Amino acid sequence: MYNSLRKFIEQLASEGELAVIDTKVNSDFEIWEIADRVSKSEGGGKALLFNNTGSFPVLINMFGSDKRMAMALGAQSLDDIPSRIDNVVKSVLSPKVGLWQKAKTALQASRWLPRKSRRRGECQQVVWQGDDINLGKLPILYCAPHDGGRFVTLPMVNTIDPVTGVRNVGMYRMQVIDERTTAMHWQVHKTGERHYRAYKDAGIDKMPVSVCLGGDPAYTFAATAPMPDGMDEYLLAGFLRGKPVHLIKCLTNDIYVPSDCDFVIEGWVDTTEQKIIEGPFGDHTGFYSLEDKYPLFHITAITHRKDAVYPATIVGVPPMEDAYIAKASERIFLAPIRLVMQPEISDMRMPEPGVAHNLAIVSIKESYEGQARKVGFSLLGAGQMMFTKYLAVTPADCDVHNNDAIAQLLRKFDVTADLERANGIYDALDHATATSGTGGKLIFDLTSQREERTISLPEQFELCGGITAVDSSLVKKWSCLIVRADYKTKVDIAEFINRNNIEINFIALFDSTTASLTPYELLWLGCGNSEPNRDAKIVSRTLVIDCRTKYKVEGAPKRFPNVVTSDKATRRLVDSRWAEYGLGELLPSPSDHFEPLVHNAGASVE
């Protein structure tokens, strides 16, 4: 594996996976726009190294392809890692494995445990303390035009449980407040927030926090991974690396961090201090997450390597770099889910438009009636799978990675018999629910062996009930009719169905401005904008889902976020400078395509 981020960069270059931009670029908006174009290009484009930012080089999109994601984890393919986990878990749990083999496995696992050192690490070659502390010396990105400020986007936030002493390494964005403080965006369901509450409940004012950036990319992935609370992310990194993570003590608190990171930001959070407004932020959902209150992080030291590279990521409308990180989590953590929790699961997929938590598809080996629903309900309470909004369960012989196979099952779907509703936990970033952190869920049981439903549609639609346009391009494959209406209009979908004598499995209602979107983009928008309890209704044996922007809708949030795009001035700037970047033929701005979805100038729809 890699003993520095520079080593990984060298490997990327040798594999033809790196583009180096030597011309001067601005970390305010310009880098985001360049990276958005490249990351949405075919296959995820290349990793980008910006060498001329006015301070440190910036590496972005380093995980943004299947190949680079596997390279970051020291594998030829992501599928190699689950097989390693399978072997470990089976050797521990299987009664057929002898004690000697179990002991060998335990010994091997002990070699992945992190090791502490008393020496200073490479990450402490340069130290900023006292008056030298200044976040302005780092090329921290200003991403989207309506963001609340600059954000550290790829931090590994190290905290310690004050009761058990167990470490957690999570990834929580950090908005720069001033040169010595940031907001700490740990959401209510995250371990960092639980540690914060534990310190507060124990009456401990100062909660130590250390934030790492860079080093072996396995560290960064481990910080994003859906590890069970109480399990050490550096153990996962050691497993992926095949060797332990070497930890050194921070200079101003007692937290241990990887010695070969590029930057370490040390400090504390005051549990008695009033929280501050954080946000908005153009998030990985493709929408702005709006303002909310979070703790302040006070910095006591910044240390870094002499050859430090500042790692960052950008997020927004998928697909982007985070889609490949989510895909890696899907492949790697399927093995333990299958072997320990749900052995009947054959395969699992979290499609990119679902942004890691809105949509999941699993296939199962069905042995008895109702098993699909048992698995569905169980998964909706399992770790970070609890955030799933729409879950489809298919037979084992269905390739969940084949859209044609999924479409065939959806054409056989019976909404009155094969649909289950549930209520549960939502990701805190979900913007469609009025009850923050909770909402409705739908389980689609696609295991029933039925005949395809006969579809009945008129030769020409009568536009009534507030409907302004009808798109039947997805009917034949997906048994889904797209209808459009202005988002401020109250639509009578029952009138539309009855007047046109429509018989079909699904109707999706979208804003009138979505005509240029692809099916992928419609799926992203629909999953994000809908809350099943409010927006999914059965009308005449058709499941109708209202995927429109919710503007002054009863039961919807009072503020509904806008889609994230860059501003037009930045797009024109990047267009004019494209030849300077040395990135080949001009890539058009994705923001031009998504501009019709933006309803006004601001982070939310007013």
Side-chain angles (χ1 to χ4, degrees), residues 39-40 283-287 315-320 322-324 326-327 330 348-362 387-394 398-411 413 415 419 426-427 429-433 439-444 446 469-485 487 504-532 534-536 542-550 561 563-564 590 593-594 596-597:
S39 65
K40 284 187 173 65
D283 228 313
H284 79 280
T285 59
F287 298 82
V315 289
V317 177
M320 299 182 89
D322 58 294
Y324 295 95
K327 185 176 180 179
E330 167 196 314
M348 178 173 69
R349 176 189 176 197
M350 295 182 291
E352 290 175 4
V355 296
H357 48 73
N358 283 339
L359 177 64
I361 306 168
V362 297
F387 299 135
T388 305
K389 191 186 295 186
Y390 295 100
L391 177 65
V393 185
T394 78
C398 173
D399 180 1
V400 298
H401 305 280
N402 185 322
N403 288 337
D404 290 338
I406 301 299
Q408 183 179 13
L409 295 177
L410 287 172
R411 294 196 298 270
F413 181 76
V415 67
L419 188 70
Y426 271 25
D427 190 283
L429 299 179
D430 189 284
H431 65 269
T433 177
K441 299 168 182 284
L442 291 183
I443 301 173
F444 297 80
L446 303 182
V470 179
D471 179 356
S472 58
S473 61
L474 301 182
V475 167
K476 184 175 181 181
K477 181 174 181 179
W478 295 99
S479 189
C480 180
L481 186 68
I482 303 296
V483 298
R484 293 186 168 90
Y487 69 97
I504 197 168
N505 288 351
F506 307 99
I507 290 179
L509 178 59
F510 284 94
D511 292 352
S512 56
T513 56
T514 60
S516 65
L517 297 191
T518 65
Y520 175 108
E521 292 159 355
L522 289 173
L523 183 58
W524 154 71
L525 191 65
C527 288
N529 272 351
S530 61
E531 194 278 302
R534 181 191 61 234
D535 298 324
T542 295
L543 179 63
V544 180
I545 303 181
D546 188 341
C547 306
R548 293 180 299 167
T549 301
K550 304 303 181 295
V563 169
V564 181
H593 176 64
F594 294 111
L597 305 182

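Computed from a predicted structure; not experimentally measured.
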Shortest non-hydrogen contact from [X] to [Y]?
{"X": "Val400", "Y": "Ile406", "result": "CA-CD1, 4.1 Å"}
{"X": "Leu481", "Y": "Ile504", "result": "N-CD1, 3.8 Å"}
{"X": "Pro519", "Y": "Leu474", "result": "CG-CD2, 3.9 Å"}
{"X": "Leu442", "Y": "Ala536", "result": "CD1-CB, 3.9 Å"}
{"X": "Thr514", "Y": "Leu525", "result": "CG2-CD2, 3.7 Å"}
{"X": "Ala432", "Y": "Gly528", "result": "CB-O, 3.4 Å"}

Check the pair Tyr487, Phe510 against ring-ring contact (aromatic ring centres under 6.0 Å, His included), reporting the backbone distance first and the verdict last. CA-CA 8 Å; Tyr487 69 97; Phe510 284 94; over 10 Å; no
Evaluate the criterion side chain to side chain contact (heavy atoms under 4.5 Å, CB included) for residue pair Ile361 and Thr394; output intermediate values, then yes/no. CA-CA 7 Å; Ile361 306 168; Thr394 78; 3.9 Å; yes
Side chain to side chain contact (heavy atoms under 4.5 Å, CB included), that's the test. Do Leu517 and Leu597 meet it? Break it down for me. CA-CA 10 Å; Leu517 297 191; Leu597 305 182; 4.2 Å; yes
Under the side-chain hydrogen bond (donor to acceptor under 3.5 Å, both in side chains) rule, collect the residues that match up with [X], sequence neighbours excluded.
{"X": "Asp546", "value": "Arg548"}
{"X": "Arg534", "value": "none"}
{"X": "Ser530", "value": "Tyr390"}
{"X": "Asn402", "value": "none"}

Lys389: which residues meet the salt bridge (charged side-chain N to carboxylate O under 4.0 Å, His left out) condition with it, sequence neighbours left out? Asp430
Partner residues of Asp427 under the salt bridge (charged side-chain N to carboxylate O under 4.0 Å, His left out) criterion, sequence neighbours left out: none
Residues that [X] engages under side-chain contact (heavy atoms from CB on, under 4.5 Å), provided they are two or more places apart:
{"X": "Thr518", "result": "Tyr520, Glu521"}
{"X": "Leu523", "result": "Pro353, Leu359, Cys527"}
{"X": "Ala356", "result": "Ala326"}

Residues two or more places apart in sequence or in another chain: which of them pass ring pair (Phe, Tyr, Trp, His ring centres under 6.0 Å) with Tyr426? none
Report the residues that fulfil ring pair (Phe, Tyr, Trp, His ring centres under 6.0 Å) with Phe287, sequence neighbours left out, ordered by chain and then residue number. His431, Trp524
Classify the ring geometry of His357 against His284: parallel below 30°, tilted from 30° to 60°, perpendicular beyond 60°. perpendicular
Evaluation steps, side chain to side chain contact (heavy atoms under 4.5 Å, CB included), between Leu419 and Leu543: CA-CA 9 Å; Leu419 188 70; Leu543 179 63; 4.1 Å; yes
If you look only at pairs with a residue in residues 472-485, which of them pass as a salt bridge (Lys or Arg N to Asp or Glu O under 4.0 Å), with sequence neighbours excluded? Asp404-Lys477, Asp471-Arg484
Using side chain to side chain contact (heavy atoms under 4.5 Å, CB included), reason through Phe444 and Phe413 one step at a time and then give a plain yes or no. CA-CA 8 Å; Phe444 297 80; Phe413 181 76; 3.6 Å; yes
